[in-house]
Amino acid sequence: MTRLSQLLLPTEREPPADAEAVSHKLMVRAGLVRQIGSGLWSWLPAGWRVHQKVVQIIREEIDAIGGQEMLMPVLQPAEAWHRTGRYEIDELLKLKDRKGAEMVLAMTHEECVTTHVAQVVRSYRDLPFSLYHFQVKERDEPRPRAGVLRTREFIMKDAYSFDRDQAGLRASYDAYATAYARIFERTGLEWYSVESDVGMMGGSAAHEYMAPCRAGENEVALAPGYAANVEVASAQAQPVDVPAPLPAPEAVQTPAATTIDAVARLLELPAGALLKAFPIVIADDRGFVLVVVRGDHRVNEIKLANALGSPWRAATDGDVSARLGPPGFIGPVGADVTVLLDEGVDSEGGYVVGANQADRHLRGVKPGRDFDFERVDVRVVEAGDSVGGHPITIEPAIEVGNIFQLGTRYSEPLGATYLDEDGAQRPIVMGSYGIGPARIVAAAVEQFSDEKGISWPRALAPWDVEIVALGRSGSGELAAAEGLYRDLRAIGLDVLLDDRAAGPGAKFADAELLGIPLRLTVGRRSLDSGRAEAQRRRGLEDVEGGVALDGAAEAVTELWRTLP
RNA sequence: CGGGAUGUAGCUCAGCCUGGUAGAGCACCGCGUUUGGGACGCGGGGGUCGUCGGUUCGAAUCCGGCCAUCCCGACCA
């Protein structure tokens, strides 16, 4: 259906009252998507065309590295999820069938694909290979937001690689990284890959593919040659003026000053001249430890968990009082606990720390002399910190894809093993690779829209060309537009013809809102000279002279190739 | 899960404070005019005022419960 007069394209002049994100507003206004519940969206015909364009790009590039497309069900027995321990995840939707059997709606497909592979693969000769599908994912998100950016149901391309060992996995991982670079390059998005947290997935390495945009939920630290999710980023701290150490720690009265701010103000020092003591309890036998960062820094909980290699919790006031002193006045000096000192703390300085006594701090404290410590890197990086001598910037981005080296996280509990040349049974080494097409669509809207509407990269546009036919029905303009429409379609262009009875203003406004990269206008201004006007959507630039109707197909194809 | 807000026509909203016939603009239908930047005239259709309960002679309006949706935060295999 490519005649606007017959297309279900419900454009709106006003954005939804409660929409905040640009992509949310524009995708609804342009008639691409409609909401049916919180985090639940339908894709209308024009929007679905964009989604399908993304899907096709992904399919071609994953096929090119030997991925095999298949399809697995969303509704699954709960058993495998019990075995992998993921049944306990809150986001997993659980239900029972009519016989009372426990079922789940899959949030990804590791359990299913690994179960099949466990049944099928017997020998190292069966490896390696990789499988993928495009399938709906269900997640009981605590807070869906920003239109299609974070939803409870969405289509994901999820791929899984199966190798005999870590070296094989690395090769598969690299192949996917290469394919992903081609995919995101082809979409026309601005993007980059970043180091990311391996999270509860386990495994040894992970990268995320990020599209920078305002509505993004992630923060990325960037410097020349460096890009990392702030969750895991490391950088050189900005210097701060710290007094020289005193010959020995000296007590100062700090009545009721329980915060870094209050102490800094009282002693007229920058916050960075203080040390912040963050007491935690580690889940393993290390127990209670004191994490110490510079006063102007914050502890990064993910980096801390990774540095510890174990889950942890913040210590309670009771723990703190029993082991150190009154909360608000604790510090590392004289404490009978392990001290983990963040790399942002210069050990030559003389810092102010809590004295482990009420209303009292110590100053002139030198790490190493006045307390023992182990070095860790557990702080949140900040804009202006540096990497390789370059200051970093931090910008929001939307995660559009990720690649994970899973290892044996799923193959072991699900019994996916093979026999090697020596007849030894070994677990299959897996990787998993996701892409969210809907997020690519939304990111494109975020990155390239202007005050008039969307401006699609040509690779994602729902149609290649929009023809705006002016003049009333029965006029020569409409007839000429119909002829142009036939000619362009004949050579394989995707063409949308605005043949509605609406006025010119409404047609132009809708064309700009929908954002098709090339607009051809057929009206009496240019028809007399046998031409159609042409305008690029990006920047709304007119093409000098337009295109001649005679031989238009070739001219338009050439023009289309020059578009972003 | 914590904080904030909102539910009135397809959309954006007014009306609520101070209880008494449910409104506007856009959209839609009919007729006519109009066709290069969201046209105009005339006529018309459309709403359990989220829901349940309470107060009252009378509730969109006051009170309470619930539900839904959005925003901020937490969370985000």
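Here is how names work: the chains are called A, B, and so on, in the same order as the sequence lines, proteins then strands, and each is numbered from 1.
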Trainee: Any base atoms under 4.0 Å from A:E88, or only sugar-phosphate, or nothing? Heavy atoms, all strands.
Mentor: nothing

Trainee: Paired with B:C31: which nucleotide, if any, by Watson-Crick or G-U wobble criteria at under 3.5 Å for both distances?
Mentor: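 B:C31 is paired, partner B:G41.
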
Trainee: Which base, if any, makes a Watson-Crick or G-U wobble pair with B:U6, both distances under 3.5 Å?
Mentor: B:A68

Trainee: Just the rounded figure in Å: distance from P of B:A74 to CD of A:E141.
Mentor: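 Answer to the nearest Å: 14 Å.
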
Trainee: Classify A:D90 by what it touches in the nucleic acid, base, sugar-phosphate, or nothing, heavy-atom distance under 4.0 Å.
Mentor: nothing

Trainee: Whom does B:A74 pair with, Watson-Crick or G-U wobble, provided both distances fall under 3.5 Å?
Mentor: none

Trainee: Taking CZ from A:R214 and P from B:C71, how many angstroms apart are they, rounded to a whole number?
Mentor: 13 Å

Trainee: Can you tell me whether the side chain of A:R525 and the base of B:G37 have a donor-acceptor pair closer than 3.5 Å?
Mentor: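 Flag unset: no donor-acceptor pair detected.
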
Trainee: A:A509 near the nucleic acid: base, sugar-phosphate alone, or nothing, with a heavy-atom cut-off under 4.0 Å?
Mentor: base

Trainee: Give, for atom CZ of A:R145 and atom CD of A:E20, the distance between the pair rounded to the nearest 0.5 Å.
Mentor: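 One finds 9.5 Å between CZ of A:R145 and CD of A:E20.
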
Trainee: Answer with base, sugar-phosphate or nothing: what part of the nucleic acid does A:R29 contact at a heavy-atom distance below 4.0 Å?
Mentor: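 Base contact - A:R29 has a heavy atom under 4.0 Å of at least one base atom.
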
Trainee: May I ask you to say what A:P10 touches in the nucleic acid, namely base, sugar-phosphate or nothing, with a heavy-atom cut-off under 4.0 Å?
Mentor: nothing

Trainee: Within a reach of under 6.0 Å around CD1 of A:I36, are more than 12 heavy atoms found that belong to other residues, nucleotides or ligands?
Mentor: no

Trainee: Within the structure shown, what part of the strands sits under 4.0 Å from A:A146 by heavy-atom distance: base, sugar-phosphate, or nothing?
Mentor: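 Contact class for A:A146: sugar-phosphate only.
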
Trainee: Whole angstrom is fine here: how far is it from CG in A:D140 over to P in B:C76?
Mentor: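 Spelled out: CG on A:D140 to P on B:C76 is 15 Å.
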
Trainee: Name the nucleic acid region contacted by A:R150, choosing base, sugar-phosphate or nothing; use a 4.0 angstrom heavy-atom cut-off, strictly under.
Mentor: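 Result for A:R150 = base.
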
Trainee: Whom does B:G19 pair with, Watson-Crick or G-U wobble, provided both distances fall under 3.5 Å?
Mentor: none

Trainee: Mind checking A:I89 for me? I need base, sugar-phosphate or nothing, with any heavy atom below 4.0 Å counting as a touch.
Mentor: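 Touches sugar-phosphate only.
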
Trainee: So what does A:G523 touch, heavy atoms closer than 4.0 Å: a base, only the sugar-phosphate, or nothing?
Mentor: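 Base: the residue A:G523, judged by heavy atoms under 4.0 Å, touches a nucleobase.
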
